[in-house]
Structure formats: C-alpha cells, structure tokens
Amino acid sequence: AVVTLSEHTREDLVKHLRVPRAKIALVPPAVSERYCPVPKAEAAAVAQRLGARLPYIFHCGALSPRKNPLGLLRAFRLLRDRVPHHLVLTAGKSWHDREARHMINEGDLRGRVSVLGHVPADDILRLLDEAPEVAGLAVPGMPVGSPGMEMGDRRDPYETLAFDADGSTTVWAEHNR
C-alpha cells in the first residue's frame with residue numbers, strides 16, 4: 001500500500017506508475033488547532049476592526065491546476081447571485097494560472113475576489129490578534145522561502161505588506177533578513 005497526502009499525487013501514481021487505485025490510501029494532513037472556528041461575536045468584532053467585507057470565503061492554496069482554482073472560481077461564479085460573500089485567496093503567481101487570474105481580474109468576478117499572495121501563517125495570526133486599521137496583508141511576487149515557495153534550505157528575504165482600502169501599503173513584517 002502507498003499513503004499519500006493529496007489527490008493529485010494519487011492520480012499521478014495511478015497514471016504514471018500504474019499503481020492500482022485500491023492500493024493507495026489518501027490521508028489528508030490535519031489542520032492545526034490554531035485554525036479553529038472562533039465564536040461569532042469574536043469574528044464579527046475582528047472583522048469590524050479590520051474593515052473587512054463580510055461575509056467572506058477564505059481559500060489558502062496556489063492558483064496552480066493541482067489546487068483546482070478554476071473549479072473554485074466557477075463554483076463561486078455560479079453562486080454569486082445567491083451568496084453575497086467575497087472570496088479571499090492567499091495565493092501568489094503559479095504555473096498555469098493565467099485562466100484563473102483572467103477570471104479574477106477581467107471577468108464578472110472582478111471586485112469579488114482578492115488575491116493576497118504567500119502570506120505566512122504567523123502574519124495572519126498577528127493580524128487577527130492585533131486587529132489594526134488595515135484591509136489585509138499581501139506578499140508580492142513569489143519569494144523563495146515564503147509559504148508554498150520552499151526550495152530546500154534557500155530562504156530569500158521578503159516583506160509582508162499591510163494594505164488599506166485605498167491601496168496604500170506599509171511593511172507589516174520582514175522575513176529571512
């Protein structure tokens with residue numbers, strides 16, 4: 001038997017190595033306890049302090065095909081008239097992400113989707129703890145060593161930026177300095 005963490009890997013094992021599907025166990029990783037739901041009153045207070053548009057759907061993952069962003073965006077589009085949510089993605093540039101970026105920036109989802117970049121979990125938790133007067137966090141580009149961009153021991157310096165409603169930015173955190 002083979003154990004894998006992702007559906008994508010399971011499909012690769014079947015397709016390229018011809019491992020029988022019945023011999024592959026898919027065991028997704030558990031979510032850290034620090035990403036647990038909070039009471040509604042606490043969530044509302046944080047959102048109010050942040051000036052966040054409520055309600056929202058949060059997706060953490062790349063825009064690459066293996067994360068199926070097109071499926072997420074198409075589903076979000078189908079529900080747009082029935083679900084008033086804003087979609088918040090923490091995803092930087094990725095391979096084969098042109099169609100997803102087009103749907104976000106040029107299509108009928110424009111203004112309903114925010115792409116924040118590869119924001120470290122500790123920066124997001126600090127944002128929630130401190131609840132400053134900012135609209136969100138972003139990490140421009142795809143810096144090596146940021147979440148999802150690990151390459152062995154290489155860690156390039158980068159900054160997490162806080163941005164406000166008019167697009168002004170300030171440095172929220174520095175990494176790998």
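The structure displayed is predicted, hence computed values, not measured ones.
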Item checked: From CZ (Arg110) to CD1 (Ile104), nearest 0.5 Å -> 12.0 Å
Notebook entry, point to check: Should Thr4 and Leu26 count as side-chain neighbours, where that means a heavy-atom distance under 4.5 Å?
Noted result: yes
Check: Looking at Val83 and Arg112, what are the two nearest heavy atoms and their distance?
Finding: O-NH2, 2.8 Å
Please report, to 0.1 Å, the donor-acceptor pairs under 3.5 Å made by any side chain of residues 59-76, with sequence neighbours excluded.
unit_1, atom_1, unit_2, atom_2, d
Asn68, OD1, Gly71, N, 3.1
Arg74, NH2, Glu99, OE2, 3.2

Notebook entry, point to check: Any luck finding a side-chain donor-acceptor pair between Thr160 and His175 under 3.5 Å?
Noted result: yes
Next item on the list: For the pair Leu161 and Leu137, evaluate side chain to side chain contact (heavy atoms under 4.5 Å, CB included) and give the outcome as yes or no after the intermediate values.
Entry: CA-CA 6 Å; Leu161 303 177; Leu137 300 176; over 6 Å; no
Check: Which heavy-atom pair separates Pro157 from Arg177 by the least distance, and what is that distance?
Finding: CB-NH1, 3.6 Å
Check: Of all heavy-atom pairs between Asp108 and Arg77, which one has the smallest distance, and what is that distance?
Finding: OD1-NE, 2.9 Å
Check: With clusters built from Ile, Leu, Val, Met, Phe, Trp and Tyr whose side-chain heavy atoms come within less than 4.5 Å, directly or transitively, what are the remaining members of the cluster of Met151, listed by chain and number?
Finding: Val144
Kindly list each side-chain donor-acceptor pair under 3.5 angstrom involving residues 9-20, sequence neighbours excluded, with atom names and distances?
unit_1, atom_1, unit_2, atom_2, d
Thr9, OG1, Ser6, OG, 2.8
Arg10, NE, Glu7, OE1, 3.3
Arg10, NH2, Glu7, OE1, 2.3
Arg10, NH2, Glu7, OE2, 3.4
Glu11, OE1, Arg21, NH2, 3.2
Glu11, OE2, Arg21, NH1, 2.7
Glu11, OE2, Arg21, NH2, 3.3

Notebook entry, point to check: Is it the case that more than 12 heavy atoms not belonging to Arg80 sit under 6.0 Å from its CZ atom?
Noted result: yes
Checklist line | Leu78 to Arg82 - nearest heavy-atom pair and separation | finding: O-NH2, 3.6 Å
